[in-house]
Amino acid sequence: MAKGNKKAGISIAVFIDALGWELLKTEEFLPDLLPCREPIETIFGYSATCDPTILTGLLPRDHGHFSFFAYDPERSPFRRNLFLLLMRLVPKVLASRHRVRNVVSRVLRRQLAYSGYFNIYNMPFRLLPLFDYTEKRDLYQPDGINSGSPTIMDYAREKGIDFFLSDWRASEETNLAALKEAITSPERDCTFAYLYMAAMDATLHQYGKPHPEVSAKMRWYDARLRELISAAEEEYEEVRIFLFSDHGMTNITGTCDLIPVIEATGLKFGTDYAAVYDSTMARFWFIDEQSEAPIRRALETAEGGRILTDEELTLWGADFRDKRYGDLFFLLNPGILLVPSHMGERPLAGMHGYEPGDPDSTASFMTNVELDAYPPRLDSLYTLMREEIDRWNP
C-alpha cells in the first residue's frame, strides 16, 4: 500500500501461552518494541480456566470453566459407549501410552461431535463413565462459554467489525501467515486481531527453564513478531500491540503419589467418593458424606500440599456454588507434581496450576502503549481489548 494511504489503526492482542514474568527476567524479548511491561496475576487452575477468563473478563465461578473433568455420572457423555467398553480390554501397559490416548481422544471427539479442546489424557477408561467433560464447545465461537457469557469475540461480532481470530488448532506459522495476510490485504480493514501462540507451553513442559530450547523459542518469537509488527506498520498509521500470557511455568523438583494414600482409607471409588487427580491438585466429591472425614484425615498427613480453605477458593473465584468441580481441593506445593495422575504417568520438567501468588505462576503483560494503569489480573484483559475495539470502531 502506498505511503500516505494507510489505514487508520489496528490493535493486536498477542497471547503467548506460559510466557511467565520470571522467564522474562532471564530472556531478552522485544525490549525496544514493547518497552512497557508489568507482571499480571494469573487465575487459579489451568489453561481451561485461564483462557475463558481472558475471553470473558469473568472469574471461574461465573464463566463455569475450571478443569476438564467433573464428577457427573448421570450426564456423562461416556456412558454406555461401546468403543470405551472395548478399550477397557486393552492391557494398561498399552492403554496408558500417549499415542494410544491421542487416538482414543480423536475417536471420542468425533463420536461426540465436540468442537472444543478435547483430550481424555490419562483418565482410566473404566472411570470415564463417572465424569462429564466440561469443554464441549469451541471457546472462541458463539455460545462457547459454559455459562453462556459473551466473549470479546462475541463483542467484535456484535459490532460487525473486521477482526482477525487465529485458529487454535493450527500451527503458529500458519496463524502468523494468516494474520499477516489479513493485515496486508487491500480488501480488508482489520482493526482488531487476536493471535494465539501455543508452543511455548509445550516447550516449557518438556524442558523447564532455563534451557537452550526455551531460549531458542524466545528468539523465534522475537524474530517473527518483529516481522509482523513491521508489516503492520507499513499498512497502518498506528499499530498498538498488547502481548500477554495466561500463566508462568514452575520447574518440577519432586513428585507425590496421592492415590495409595486415599486408597488406604478403604473407601470405594464411585461408591463412597470420587476424585480427579490433576497435575498439581486433587479434587474430591463425597458421594457418601461419611467419606469426608477419613479423606480429610488422610490428606492432612500427606506431604507436599494442603487442603484449600473456602476463603482461598472464594478469593480465587473458584468457589463454585454447585460444587461441580469438587467438594474439596488439595493443592500441591509449587514444584511438586502428582505422579501418576489422571493427566499422565510420568514426570515433566515444568508445570503450572499452582497457587496464583507464587512468582513462577505470574503471567506477563507488555505493550508499546503507555497506559495509565496496567491490567492487574487476567480478568482485566477483556476490558482492555474491548476498549481497543471501541477505539477504532466507536
Side-chain angles (χ1 to χ4, degrees), residues 6-17 40 43 47-66 113-117 134-170 175 178-198 228 232 235-246 317 365 367 369 371-394:
K6 292 184 177 182
K7 304 167 191 175
I10 185 172
S11 298
I12 304 176
V14 181
F15 173 5
I16 298 183
D17 200 326
I40 182 170
I43 296 295
S47 296
T49 316
C50 296
D51 294 5
T53 293
I54 293 170
L55 292 173
T56 64
L58 301 174
L59 294 177
R61 61 171 168 250
D62 298 314
H63 59 58
H65 295 259
F66 184 73
Y114 287 167
S115 60
Y117 176 82
T134 64
E135 193 174 305
K136 299 178 176 68
R137 301 181 297 273
D138 188 334
L139 301 175
Y140 297 91
Q141 298 305 317
D143 299 318
I145 301 298
N146 286 342
S147 66
S149 303
T151 66
I152 191 63
M153 307 308 161
D154 294 323
Y155 182 70
R157 294 182 186 105
E158 180 184 326
K159 296 207 75 165
I161 71 167
D162 183 358
F163 73 99
F164 173 85
L165 172 61
S166 60
D167 182 356
W168 55 269
R169 298 178 182 86
N175 281 319
L179 176 52
K180 189 175 294 186
E181 181 179 353
I183 288 172
T184 58
S185 171
E187 308 300 322
R188 298 188 62 174
D189 186 13
C190 185
T191 57
F192 176 72
Y194 191 94
L195 175 65
Y196 173 55
M197 310 279 271
L228 176 68
E235 303 289 331
Y236 292 86
E237 292 289 347
E238 184 176 1
V239 178
R240 297 165 68 90
I241 307 293
F242 303 91
L243 190 150
F244 53 83
S245 63
D246 48 352
F365 177 83
T367 178
V369 179
L371 300 173
D372 293 333
Y374 289 87
R377 195 170 61 176
L378 294 190
D379 49 323
S380 305
L381 291 169
Y382 172 87
T383 300
L384 173 68
M385 291 187 287
R386 182 167 173 150
E387 290 173 350
E388 289 301 309
I389 288 174
D390 290 342
R391 169 179 293 275
W392 309 116
N393 307 275

query = To the nearest 0.5 Å, how far apart are SG in C190 and CD1 in I12?
reply = 8.0 Å
message = Looking at every non-hydrogen atom in both residues, tell me the closest pair between T56 and P150 and how far apart they are.
response = CG2-O, 3.8 Å
key: Enclosure of D143 CG (heavy-atom neighbours >12, cutoff 6.0 Å)   = no
remark   = Rounding to 0.5 Å, atoms CZ (R188) and CD (E235) come to a distance of 12.5 Å
ask   = Does some side-chain heavy atom of R240 sit less than 4.5 Å from a side-chain heavy atom of T367?
value = no
ask   = Should the pair F15 and Y196 be assigned to parallel (<30°), tilted (30 to 60°) or perpendicular (>60°) ring geometry?
value = tilted
query = Does any non-hydrogen side-chain atom of I152 lie less than 4.5 Å from one of E388?
reply = no
key: Check ion pair K7-D189 (N to O, under 4.0 angstrom)   = no
Shortest non-hydrogen separation from P375 to S380 and the atoms involved = CB-CB, 3.7 Å
query = Would a 4.5 Å heavy-atom cut-off, applied to side chains only, mark M153 and F163 as touching?
reply = yes
key: Working for side chain to side chain contact (heavy atoms under 4.5 Å, CB included), residues M385 and Y155   = CA-CA 10 Å; M385 291 187 287; Y155 182 70; over 6 Å; no
request  = Side-chain contact test, heavy atoms from C-beta onward, threshold under 4.5 Å: evaluate it for F244 versus L384 and give yes or no.
outcome  = no
query = What are the two closest heavy atoms between D154 and P142, and how far apart are they?
reply = OD1-CA, 3.6 Å
ask   = Y382 and T151: which non-hydrogen atoms are nearest, and at how many Å?
value = CE1-C, 3.8 Å
ask   = How close do R157 and Y140 get, heavy atom to heavy atom, and via which atoms?
value = NH2-O, 2.6 Å
request  = Please name the residue in the list L381, I43, T49, D17 that meets the side-chain contact (heavy atoms from CB on, under 4.5 Å) test with D246.
outcome  = D17
request  = Compare every heavy atom of S149 with every heavy atom of S147, then report the nearest pair and how far apart it is.
outcome  = OG-OG, 2.6 Å
request  = With rounding to the nearest 0.5 Å, note down the distance linking CE in M197 to CG in L243.
outcome  = 8.5 Å
inquiry  = Could you check whether any side-chain heavy atom of Y236 comes within less than 4.5 Å of a side-chain heavy atom of I183, counting everything from C-beta outward?
reply    = yes
task = Starting at CD1 of I40, measure out to OG of S245 and round the result to the nearest 0.5 Å.
result = 8.0 Å
inquiry  = Using the rule given for side chain to side chain contact (heavy atoms under 4.5 Å, CB included), can you reason through N146 versus E135, listing the C-alpha separation, both sets of side-chain angles and the distance that settles it, and then say yes or no?
reply    = CA-CA 8 Å; N146 286 342; E135 193 174 305; over 6 Å; no
H63 versus T53, side-chain donor and acceptor atoms under 3.5 Å = yes
query = Quick one: does H65's side chain get under 4.5 Å of D51's, heavy atoms only?
reply = no
inquiry  = Quick check: do L195 and L228 have side-chain heavy atoms less than 4.5 Å from each other?
reply    = yes
key: Pairwise side-chain contact, S11 with I389, heavy-atom cut-off 4.5 Å (strictly under)   = no
